[in-house]
Amino acid sequence: MEGAHVLSLSDLLRASRPLTGASSLVSVPTSPRPPPTKRSRVETLNLDHTTNPLLFSDLSPNPNPNPNAFLPIKRPVLLIGTVDLLPPDSDRCRGCENHCLSFSGGSSRVCCYVLDFDPEILRREIAVLAWNFLPFDRETGVGGGGGVLEVIRWRFTGPATAFDGGFLLSALSIGSHQETNSVVRSRKIGVVRSISLVFKVPYATQHDGGDSVGFLAEILSCECDSCSSALMRQGTDNCFVGGNDVHKFTKPVFVYFLNPLYTWRPVLSKMIGKLVVLSGLKKKLVFVGEESYTMFVSTGRTTLSLRGLSTGTLPSGGMTAKDGECNNSVYSGTITGIYMQGMVVELDQKVFLLINDPQLAPHHSFRSGAIVSVRNFHLVRPNFASIKMVLLCTCVKTNIDVESFSLIETKCHLKIQSKSLLGKFINSLTFSARFWVLLLVSSFKQKFQSVCSEMEILGSNNKEGLVQTYASRWLSPNDYQPKHGIFMEFCKHDSCMYNSESDLKSLKLVIPLSNLISKCEEIWVSFILKRQKDAEKGGLRHNLSHFIHEGTSCRRFIRRIIPSEDLGFILLGSIKTSSPSGRLQLVDATGNIDVVIPDLVSNVNCHNIYEIREYKLVLEGSPTQLDNQQYDFGPLLTCRAIFQQFSCRKRLNNITMYVHFNLRDSNCLHVSSCAPSHEVACVGLFHLLLVKHKFPSTDNFPDDPKMWNCSSLFAEALVLPYNLNFPEKSGNIQPTEIVQDMLDAQKFVHVLSRITTTGSASNLRASERKFCHNPCSFSFRSASLHGTLMPARVHRSDGNCFKDSVDGQHNMRILLEFKADSFIYYQLLRIGGYYLLKCSSDGLTCNLKGCECFACGKTCIDSQNTLRSVSIIFNGCNNHKGSREEHTSEVSSGRAGEPRSHYATELLLSSPLEHFHETSDFHLDLLNEEHLLGILPRPSEVLSVSSCIRMMTAEFRTTGISDLQGHWLPQGDLVSLNGNIEDVHLNDCKSTSFVSFRFLTGSDQRRISSVCIHVADDTCVVQISGHLSMRACPVGFRPGVKATFHRVLMMCSSSGRHALLFTPVTFIEINSIREVVDEQSEERMVLPTRLTFPTEHLSDTIPLGLFLQLVRSMDSKLTKVRCRVVTTQFLVLEHCGHDSMNSEQCRLCSIPKVNIPIAGFVMDDGLSLCCCWADRDRAGMLLRLQENAKYVFSDAKVFKGGGNTGNLQHTVGYHLQKMLKKHGRVIVKNHGIAAELSCQDLTFSCDSDKHFSSSEERLLKFIILNACQGSVLNIVGSALDANTLRWLDKELLELSTGVQSMHNAWVSEVEYVDPLKEAWTMLHNLGIK
Amino acid sequence: MDPVHRVHVKLLACDLLSLVPSSSSSSLLRPRPRPRPPLPISRAETLGVVVLRERRPLLLSFLVDDGSGCVPCVLWLNHLHRRHFSASTSAAPPLDVVLAAEAAAERADAVRLGALVRVRGRVGVYRGAVQITVADVVVERDPNAEVLHWLDCIRLARDYYDVA
């Protein structure tokens, strides 16, 4: 202390900035110390000057860059002053009266908080040796400025005197006037257990005319004989003798410190756990309402003295509490975060302190970095949101004390809450529910700050906000706790509600979308890293990761579908469309994510907020090599991240994520009041449209992103020659009058139309029956609409009717244009769906020719001019399929009558058109079905892959190659095709497989690439190639999806090969997706020659040749060769978990469900050997698996069983399946010479670690031997080029040199030989008569 | 070496029986019109009706008549004879040997008088006569297969064997 300079309090106040100083500071001056001035040597208490130059010389040369940080004074300084209670008439805030003492020096006085509090410090002059000073914010500080002095270390300035145990505090000393003349005899000795905050009892209950301000204290007294007798000896200080082990402080006694003794509370809070003697108390019965409490009330003679006994010390850095228990629970930790204006405090980054009243904390010193101890809290472990957390919940008995001040933070985040509806709502909840709502508040503020005002989110004093509305919906009655008065809560604490916490499993976290995106990335990275670890263990497993040929494969691809149940949080946001792609997105202020909504309806409001509780999160991408250290996502979905409003950004570019949900599973939070209603919109005249095609997004302004918002999307529709008229609204179902069309009575159609949402079934039946007898009328089931369907003539300018060239109907073809603000309606459109378009004319009739809606053959769809979907049913039942079957006999088997899902994890992204009525706005019920064919145009065919190939083959035969000569542009027909996308790869990429994937995941949506897509059904595969824009690719456009390609060009190339080409108008619709977790099971040989054809067509068109001709074909032309299997060179057999083959059929035929990704056979045509590569069914035929299956196989011998063996478990197929189920994948290699088979040259390897038994080896050898003993077969194939062969050689590992020296071919088809037919053909070709 | 050397050449019986032994290799030679050199043949395929079948303890010999001649064939059934797989008397025959023996036995069962069989194997000369040491036998159920085989033989001989 020697040499320390004394600062006055006024100096600190004048500095008006956070300061910290110490008397024992030994500083090493970096510059010569300035000579002390005269004034600096005056180290007296009466430092009477207006400005302390020492202090300001410290401040001015090195201005702190951050004025809100503590500035250390670089020389030893001390403060001298007196610590006392705050005067009762102080105008300090309520936080101060609960925790603060006062420190006065000279004429100044500030709040004071003393760390090592000594009872003797009061009213004595002390020298503060280490301190922090924090000025109040002048704008918010009570009392017009001031500050708080945090006393870290101090000592008395005078001689130290031992504490004699006398009065520490006396009511007389502060001038209490309470009952100073009355006789007060009560006296209490005990341990202070807990104290309440200072509270005020309103004026109405007081007799003396003033509000009663005070606080309650719970004293645990001892009931032993010595204590009882000591209490009787009034006036004796030495009333309490003995040690801790003698006394048992168990009996709670409540003391009510009344005005003005509430100023003792800061001292009493330091006495918790200590033995005190209270005298001058008066025992009273306090009535609060109907409740009465026996307690001791302070009087004007009340004194407080301290005894030397202590009852335990405070443990630090840990927690001593049981769940739900309040008494004696202690936690000491560092504040690591203060959120929600102090209602939630994070301690040690692991527990959360839930503060129900901000006054509980000494708010001046309650800053981040401070070490605090919390006593008497409730320990709660909420069980919601699948996030582990520990809550320390405060109550009226809780005491929070600061053990160490913080220098890293100067701002106090505690705020006294205004009593808004939300605040009252939160206080009425249980601890867990309260915490959940606070999380909700933080998340909502973050998510909707740009959409809604804070008042809309949080509400006001008299209006509920979005948070409260939402929370009320999900909270159960058990989540509310009744509120009681302070007396009951304090005095009957244990019998109150604090020990019951409801089950909150139904409550889930609402997270910002940016956190969701980062969480997706975290899930993805952890999944990939796990795969990498597994792969490192696997060894050979990934040697066959994929196969490439002309293009680059996307087969190294993973799609994960994660249900919301596994994630534990729900999504909230607005549904909007992005520009310029028109994709649907879920949007909040933090980000957006693509969504797929199969049951999207037209009344979805972009301004509303939707809550999605049930959804599927889809992650897909390529499993690129990741560095574990590269991606540290930190706590993304922790409560801390939500409270901190942790801003995340997307870091991975090689994954795609989107959310799949049904609108019927979502809840709409009606924030916006501009929701359209059917009743308002559906009045007037409507045109009936059939959507023929949707055009993909185009680059209208490729070079100017600012113009993307001006882009448009288009669709093509046919305007049916009938209008719907809704003349008025009506509240009841009333039969309408017969509407006789005077213009064209023959084409009058009688319909019953309705809205599906409302209406009485009984009424409907009655009305329907009625209308059945009166077919010339129609009505709506809805209580609001009547209408008529009337023909509208379509005329051209020359007076003739328009005639649709395709359908032969009087339909007008128009273009629907969707501006950026109406992309949602574009998303709603289904090709083949019927829609109503409101006519702009006011009349009851409209001639299409003159209608302004279709001026220039185009109409613009916007929010004012919307489309309403309508499904057409017949006589009350959905007969959509039946009505179209005769038109669509070639409809893909994948669309008509197929089960909804082949796979357990398959998701429908768009509901089949047959289910269109489920989501349509209106149902048109046609009473007379005969008229249907007259008005409904023929819908477009959607071909299956097999149908497409049949059609292509027929085209090939009839058209031939020569017809195409002379055409500069591709010629052909536009068709629609449905099938499973097996592979997507770039045509212009030769080296790396990931380039093609970037095509699908890259950020440049305007990029156009030449791609090739393999589309398959159960039997055949076709490839569609051409240029495709990323923007034209819908969400989920990856392998492993079922998709419909509208308007692809079917053409025949000059080489005679038929092809399907993408066109600029090709529209791709994803029907369903399935999970692709294990890429191994999804591998397919990606070869262009895998284009497959039905054999009956192929054999007629492909000329017979030899391998020599096949391999010499320059353009990989298909050639048919009659040959036999000599050896099996390479074979991969896989367990097929979800074979598309009918399982019942497999069981009956004993066909093993085996997947053969690739197999190499040496074939002999009588002139040369050729190594033929095949996969799947073709390899199975060459292996004669179907024939093998009929053989009975046992450990002893193999013999032919005929097919009536009786026991399928002895068949080859059964054993093969069993083996593959055990090993997953088995690879067989032949290291022998190509021309002969020797079982000794065969080697086997499998993925599993399980033993490869001799019987399994025997089985495989039998299969291979048998394959080499088959008859001749016809194969159709084409040559493999040298590059592909080299690649195969590298991938398939060390093929024998014999194979490399041979010719190689890819087998497109295998067929059995029809000797008679073949012989006749040969006779003809050989010219033998 | 000519690639035909490694393949099973499809020959009619009359052509097959006219092969001559080569002085330089184990192959047989198919004479060709001058100036083309003889075609070396080591494996052949024939198709015809079994007209003679003689089962001996360690082999099955049979004649295949394709209409142009009868081709002697011999199918060895001695795989499990000890001298063929191990010197040890107590050791069990290897799995490969067992499988080969089972396959041979099955083939032997298939070779029945009157059956139409497709036979592949190595061609050789035994006691001055050409014969096929059978590698595999396939029973053809469709009699038209014989006609087709003839035509294949004609096509290959005319367009390739005698031209190359």
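Naming: A, B, ... by sequence-line order, numbering from 1 per chain.
- B/Leu99 and A/Leu1265 get closest at one heavy-atom pair: CB-CD1, 3.8 Å.
- Here B/Arg120 contributes atom CZ and A/Asp1164 contributes atom CG; the two are 6.5 Å apart, rounded to the nearest 0.5 Å.
- Here CZ of B/Arg118 is found 6.0 Å from CZ of A/Arg1124. Values are rounded to the nearest 0.5 Å.
- The CG atom of B/Asp152 lies 4.0 Å from the CZ atom of A/Arg1122; values are rounded to the nearest 0.5 Å.
- In terms of heavy-atom proximity, A/Ala1319 sits nearest to B/Val147 at CB-CG1, 4.3 Å.
- Of all the heavy atoms in A/Pro1315 and B/Ala145, the pair that sits closest is CB-N, 3.6 Å.
- Here A/Ser1271 contributes atom OG and B/Arg141 contributes atom CZ; the two are 10.0 Å apart, rounded to the nearest 0.5 Å.
- A distance of 10.0 Å separates CG of B/Asn144 from CH2 of A/Trp1320, quoted to the nearest 0.5 Å.
- Of the two parts of A/Leu1106, only the side chain, counted from C-beta on, holds a non-hydrogen atom closer than 4.5 Å to a non-hydrogen atom of chain B.
- Heavy-atom distances place no part of B/Glu146 under 4.5 Å from chain A, backbone and side chain included.
- Taken from CG in B/Leu148 to NZ in A/Lys1317, the straight-line distance is 13.0 Å, to the nearest 0.5 Å.
- Listed options B/Lys10, B/His149, B/Glu45 were ranked by heavy-atom pairs under 4.5 angstrom with chain A; first place goes to B/Glu45.
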